[in-house]
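Indexing begins at 1, ligand by ligand and atom by atom, following the structure's order.
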Amino acid sequence: MSEHALKPGVVTGKGYTTLVEAAKSGGYALPAVNVVSTNSLNAVMEAAAKAQSDIIIQLSNSGAAFFAGAGMTDGFKAKVLGAVAAARHAHLLAEHYGVCVVMHTDHANRELIPWVEAMLDEGEKFHARYGKPLYSSHMLDLSADSIDFNLDECARILERMAKMDMSLEIELGVTGGEEDGMGSEFEESADNSRLYTQPEDVLQAYDRLNPLGHFSVAASFGNVHGVYKPGNVKLRPEILKNSQDLVQKSHGTGHNPLHLVFHGGSGSEKDKIKAAVSYGVFKMNIDTDTQFAFSEPIGSYVSNNQRAFRFQVDPEDGTPYKKAYDPRKYLRAGELGIVKRLQEACEDLGSKGRSIARN
Ligand SMILES: [Zn+2]
């Protein structure tokens, strides 16, 4: 059992850093699952409770907009308010699932800096009222820009977040593939070195950001967003170790000083995941796999109940279909798909049975 212990619920500030340290020292990582609705958000909390694992819940900008409602006419407002609604939903319910929940927002590129800033406006209001942050952490992905612009902006945003004890996730290097329209398309002809983060860049980020506040780094070590043809890029987790070693040597820190995150993890080989976790990865993004896990059982349900999706009452034999077309039936099937898929993820990442939540 871990020597760390936290109250169940959304963890922020010192609770968040305790959770990160518990994972790193315990040799496991937490799944970070994208959600778009109360259905997926509740399913992820249910999955975590079932696995007795702590969990990271995240929203992309479009996931947040969907959470607010795809029909909202002001798209920017929807991205902000949807993120607020999702976090408030988790603050209210997470403790009742008995595990620790990190609330996080996913990839925000240069165009989305105003989204992050607007969420911080809301976060500051929440903090003033409740004495804790609305979100545990946000992400800025400026990996498509120069490293100077990337680190300047990250430093500016982190200074603001640190006042509320929030953490910032940054991205260095280019992770191939596409996630929610973010990231760059993988090309076989792409300059290979750009697919692997350079340890010198990671050291530069550490020099710049560590004095300002808590941050984590998504480094590319051959990972690709979304599901891709295997064999295109080779996962090289030792790149992470090289970055850890360089920072440790330059700053005389302890083992694995960096808090690392693994993007584009869907479909990775299990031994590579294990190696990455041993090099200080505490968070692994899982999006594509849980989308399919939600949709696949709904597809089965619909094909097994086809007439219920065409008629309220069967015109041929008068069978009433109310029980079958009740949306809770198929939405629940989707939720259970997520719960099932995440049991595997918690096992792969070693987080199963390791929740540090104690009442
Ligand atoms: Zn990424």
Subject >> Considering only N, O or S atoms of Glu171, the one closest to the Zn ion (ligand 1) >> reply: OE1
Original post:
What atom name does the N, O or S atom of His263 nearest to the Zn ion (ligand 1) carry?
Top reply: ND1
Subject >> Aromatic ring pairing His259/His214, orientation class (parallel under 30°, perpendicular over 60°, tilted between) >> reply: parallel
Original post:
Between Glu153 and Arg110, is there a side-chain N and carboxylate O pair less than 4.0 Å apart?
Top reply: no
Distance-only donor-acceptor pairs under 3.5 Å for side chains of residues 119-128, two or more places apart:
residue: Asp121; atom: OD1; partner: Arg160; partner atom: NH2; Å: 2.6
residue: Glu122; atom: OE2; partner: Lys125; partner atom: NZ; Å: 3.2
residue: Glu124; atom: OE1; partner: Arg160; partner atom: NH2; Å: 3.1
residue: Glu124; atom: OE2; partner: Arg160; partner atom: NE; Å: 2.8
residue: Glu124; atom: OE2; partner: Arg160; partner atom: NH2; Å: 3.4

Original post:
Closest to the Zn ion (ligand 1), which N/O/S atom of His107 is it?
Top reply: NE2
**OP:** Sort and list the pairs that fulfil salt bridge (charged side-chain N to carboxylate O under 4.0 Å, His left out) and have at least one residue in residues 4-29, not counting sequence neighbours.
**Re:** none
